[in-house]
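Let me begin by presenting the structure, written as structure tokens, before commenting on it.
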Amino acid sequence: MDNKKGRILGILLLAVMLVFGLAACGGGSGKGGNASDGSRQSEGDGGGSGNTGASDDSGSGNTGGKQVTLDFVWFTDGIEGEVMKAIIKDYEAENPNVKINLVEVAYSDLSTKLRTMIAGGRPPALARVTDTGYYKNQALPLDDYIGDQEAFTSQFMDSIKPYYVMDGKVIAVPMDVTANGLIYNKTLFDKAGVQVPQSPDEVWTWDEFKDALKQVMEKGGAKFGLVWDFTPHRYSTLLYQFGGSIFNADGTAAAINDDAGVKALEYFVQLHKDGIIPESVWLGGENPNNLFRTGTVAAHLAGNWMLSNYREITEFEWGVTYMPKAERRSSVPGGKYVMAFKGSGVEDEAAKFLLYLSSKEVNGRYCQESLFISPRKDNAQLDYAFGKEMFEIFSNELANTPAEAANDWSRQELITQFTTDMRNQIVEAVAGNMTPQKAMDQLAALINAIIANTN
Amino acid sequence: MRPKSYVPYVFLMPNLLIFSVFIVFPALFGIVYSFHKYDGLNPMEFVGFRNYASLLQSREFWEVMRRTFVYVVTAVPLIFAGALLIAMMLVQEIRGRGLFRAVYYWPVMISFIIVGLTWKWILGDSFGVVNYLLERIGLEPVKWLSDPTYAKLSVILATLWSRIGFYMVIFIAGLQSIPQDYYEAARIDGANRIRTFFNITLPLLKPTSLLVLILSVIEAFKQYPLMMALTGGGPGKATTNIVQYIYQTGFIKMQLGMASAMSVVLFVIIAVFTVFQFRLTRGGAIE
């Protein structure tokens with residue numbers, strides 16, 4: 001009796017396992033088959049949840065092209081996701097055979113998601129990326145689609161060219177550019193009677209800016225003078241202003257421990273010692289955005305992407321002004337790109353959509369509605385619904401940025417390997433555990449080792 | 001008739017299958033990765049023991065290991081003592097016992113990220129509640145999160161708050177399984193409370209203690225989300241423990257091979273620790 005019961009149970013369990021196993025295998029082979037035959041047309045919504053391609057195939061009679069679905073991996077910082085959805089809708093109306101499936105992920109999950117998709121042999125058709133260099137071997141070269149490379153790239157700001165032209169090939173299209181810049185609490189500055197520079201000719205030196213901040217702290221009642229984003233990218237603004245750079249010009253060695261690099265860090269440390277920058281941001285991990293929002297901080301060194309974030313502040317007035325200069329003025333350019341991938345099976349359609357996105361009209365609409373700076377030279381003057389004069393200041397910052405900044409930050413395959421260490425070395429100096437010279441010497445040694453190891 | 005010998009294995013199958021697919025095979029892949037140079041995207045390159053060799057020489061890696069170790073040997077005894085103490089109080093017939101148990105257990109149900117963020121609001125340097133109160137009563141604010149020593153203390157504090165409740169429940173179960181006869185006999189013999197604790201409670205609690213020790217040691221070694229949310233591993237690297245370091249190596253520096261080698265080393269260390277604890281306590285047997 002016991003035996004029989006046991007056997008029946010056993011068989012039952014085995015049957016359950018088999019069903020699960022088969023289901024898993026079935027799903028797997030189905031997906032595998034799709035990927036291996038190199039086309040993902042008619043795959044439905046890309047989620048693969050039982051939506052067969054039948055509906056996609058119908059109704060495609062009116063155009064010559066085959067019915068395709070493009071998976072577009074996307075992350076959203078502000079409102080640009082909604083803008084992109086509207087653009088996609090228009091594109092789909094014009095191209096009934098193309099369906100674009102926006103796969104939204106959090107920015108922090110983006111690289112993991114993309115790597116998993118690529119390593120699994122199912123790259124998406126398109127993705128919005130910031131670290132273009134990391135995917136340069138997997139990106140679809142666009143040269144066959146854009147015609148003359150020179151004519152194509154000359155439409156965009158020259159400084160960002162190293163981000164999307166790699167090994168002589170165009171691997172992505174620029175969607176927007178970012179500029180580091182200075183946001184200040186107008187209410188506090190007014191209370192202290194301190195006026196910010198009104199034109200590029202009146203730009204402060206760092207010492208003048210420091211005095212101004214001290215006044216705002218004393219007379220305006222600011223608890224802190226300045227908060228500075230806890231990232232090497234934002235720190236490097238000061239580095240370029242002091243005349244330094246991370247790498248030498250051809251990227252073969254570190255330059256961050258030269259005279260200018262050490263002076264910049266010394267100044268940064270001093271700003272902390274003087275109590276102008278609160279230690280809680282670089283040492284305690286406190287969020288500078290939240291600090292600025294309390295209305296007790298005079299200024300925030302961030303970038304133009306903060307405008308849509310701070311837009312809702314009603315407790316005090318704020319504005320954007322020119323960053324101070326040391327040896328020279330500088331901002332740091334950044335940007336977001338859209339990339340197509342090799343092996344998606346829909347490369348032609350993806351490339352066509354990329355060209356559509358990068359056209360003057362579509363890119364202008366995207367940047368204007370998302371409150372972004374356009375990388376296109378012919379979209380320099382957009383009619384923003386908010387903060388038009390602020391965008392002009394950011395554009396001016398970018399125009400006064402030396403080539404070193406883009407030269408450094410476009411070497412993404414190197415930089416990602418030491419950003420954590422760079423941040424830590426700066427922290428060691430701010431915390432007083434190390435002299436700025438020693439902190440930068442150690443960092444330079446590490447950078448040189450990474451360069452030697454990567455090439 | 002005895003059931004066929006394969007039947008137990010059939011019952012184990014579902015879990016075994018899931019465990020293999022999601023734990024065992026990835027772990028084996030990890031070992032394979034650890035012998036390669038791999039960025040997760042471009043083809044792997046076999047490097048033999050080079051990852052391990054540079055790990056052994058890396059001062060930073062062993063510094064992180066040491067820091068993790070200090071965290072473990074500080075946090076675990078405190079968790080152990082705290083959980084046992086509270087459990088002993090809450091097995092007694094006191095009023096509101098259920099309420100107290102719930103209150104102590106409550107933080108366990110909150111994810112580490114939220115625990116970290118909550119304590120960050122409490123201890124934050126410039127705008128934390130504690131510093132606000134300190135300043136209100138005329139005291140100097142304390143750099144809870146930006147001074148290395150205080151930051152480590154803050155992390156331990158948050159760890160205790162979030163984990164003691166969990167181990168308290170285990171201890172309560174252990175304490176309740178000790179027959180009351182022993183205590184009665186001890187009382188009749190005139191043993192005081194301390195004597196009773198060391199001669200009856202602690203020895204009879206040994207299996208439970210071993211379980212709590214092993215679980216809390218493994219958990220402390222692997223702790224990461226709490227620091228991530230509370231201090232971000234800072235100031236500098238003061239609260240960066242081994243798992244965060246592995247994560248940074250693998251997913252920020254994109255050195256998956258090296259990160260896998262670190263994981264293997266961590267695995268060996270935890271395994272040795274557990275075997276050692278098991279041996280030392282003879283598997284929790286009560287003699």
Side-chain angles (χ1 to χ4, degrees), chain A residues 1-7 9-14 16-17 20-21 24 111-112 114-116 118-119 131 134-138 223-224 227 230 278-287 290-291 294 296-297 413 416-421 423-431 433-434 450 453, chain B residues 1-4 6-14 16-18 21 37-43 60 116 120-121 123-128 131 141 143-148 150-151 154 227-240 244-245 248-256:
Chain A
M1 185 61 191
D2 266 351
N3 191 5
K4 209 171 178 186
K5 230 188 222 166
R7 197 182 291 166
L9 255 173
I11 290 168
L12 207 74
L13 267 170
L14 260 179
V16 170
M17 300 307 306
F20 271 112
S111 85
T112 317
L114 275 181
R115 267 188 300 164
T116 317
I118 294 167
D131 44 355
Y134 184 64
Y135 303 99
K136 68 175 178 186
N137 296 329
Q138 285 73 32
K223 197 168 171 191
F224 294 108
V227 284
F230 184 32
E279 285 186 345
S280 59
V281 174
W282 277 71
L283 298 183
E286 213 152 19
N287 186 336
N290 292 348
L291 293 192
T294 61
T296 57
V297 175
E413 75 277 21
T416 48
Q417 295 188 53
F418 64 81
T419 39
T420 311
D421 300 283
R423 209 170 72 167
N424 287 339
Q425 291 302 103
I426 298 168
V427 165
E428 292 289 334
V430 171
N433 301 336
M434 240 182 237
I450 286 171
N453 200 15
Chain B
M1 245 192 342
R2 288 182 61 237
K4 284 269 164 59
Y6 64 80
V7 170
Y9 297 101
V10 176
F11 279 98
L12 284 177
M13 265 288 274
L16 200 67
L17 197 77
I18 294 168
V21 170
K37 186 176 165 181
Y38 184 39
D39 66 353
L41 212 53
N42 296 305
E60 198 182 2
K120 196 174 182 153
W121 282 10
L123 298 173
D125 283 12
S126 317
F127 294 93
N131 274 353
K143 295 177 175 179
W144 294 110
L145 300 177
S146 57
D147 177 271
Y150 281 117
S154 304
M227 285 84 146
M228 191 59 214
L230 181 57
T231 62
K237 292 173 283 188
T239 54
T240 302
Q244 185 177 359
Y245 188 64
Q248 286 173 347
T249 309
F251 294 99
I252 295 177
K253 296 188 181 183
M254 304 292 179
Q255 299 171 352
L256 287 180

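What you are looking at is a predicted structure, and each value in this text was computed from that prediction instead of being measured. FYI, side chains are in, hydrogens and waters are out, and symmetry mates aren't considered; it's all heavy atoms of this structure. Residue numbers start from 1 in every chain, and the chains themselves are labelled A, B, ... in the order their sequence lines are given, proteins ahead of strands.
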To the nearest 0.5 Å, what is the distance between OG1 on A:Thr419 and CD1 on B:Ile252? 6.5 Å
Rounded to the nearest 0.5 Å, how far apart are CD1 of A:Ile450 and CD of B:Gln255? 7.0 Å
Which atoms of B:Leu256 are under 4.5 Å from chain A, going by heavy atoms: the side chain, the backbone, both sets, or neither? side chain
For B:Lys37, check salt bridge (charged side-chain N to carboxylate O under 4.0 Å, His left out) against everything at least two apart and list the hits. none
I'd like to verify something: which residue of A:Thr294, A:Ile426, A:Thr296 has the highest number of heavy-atom pairs under 4.5 Å with chain B? A:Thr294
Proximity breakdown for A:Thr416 and chain B, heavy-atom pairs closer than 4.5 Å: both
Pick one of side chain, backbone, both or neither for A:Gln138, based on which atoms fall under 4.5 Å of a heavy atom in chain B. side chain
Evaluate whether atom NZ of B:Lys143 has more than 12 neighbouring non-hydrogen atoms of other residues, nucleotides or ligands under 6.0 angstrom away. no
Among all residues two or more places apart in sequence or in another chain, which pass the side chain to side chain donor-acceptor pair (under 3.5 Å) test with B:Thr240? none
If we define contacts as heavy-atom pairs under 4.5 Å, which of B:Asn42, B:Thr231, B:Leu41 has the most with chain A? B:Leu41
Closer than 3.5 angstrom, by distance alone: can the side chain of B:Lys120 be matched with the main-chain N or O of A:Gly285 as a donor-acceptor pair? yes
Looking at A:Phe230, I want to see if its CZ is surrounded by more than 12 non-hydrogen atoms of other residues, nucleotides or ligands under 6.0 Å. yes
Heavy-atom contact with chain B under 4.5 Å, split by part of A:Phe224: side chain
To the nearest 0.5 angstrom, please state how far the NZ atom of B:Lys237 sits from the CD atom of A:Gln425. 6.0 Å
State, to 0.1 Å, how close B:Gly40 and A:Ala119 come at their nearest heavy-atom pair, and which atoms those are. O-CB, 4.0 Å
Approximate separation, where rounding is to 0.5 Å, of B:Asp125 CG and A:Glu279 CD: 8.5 Å
Portion of A:Asp421 that has a non-hydrogen atom of chain B nearer than 4.5 angstrom: side chain
Show the nearest heavy-atom pair for residues A:Ser280 and B:Ser146, with the distance to one decimal. CA-CB, 4.5 Å
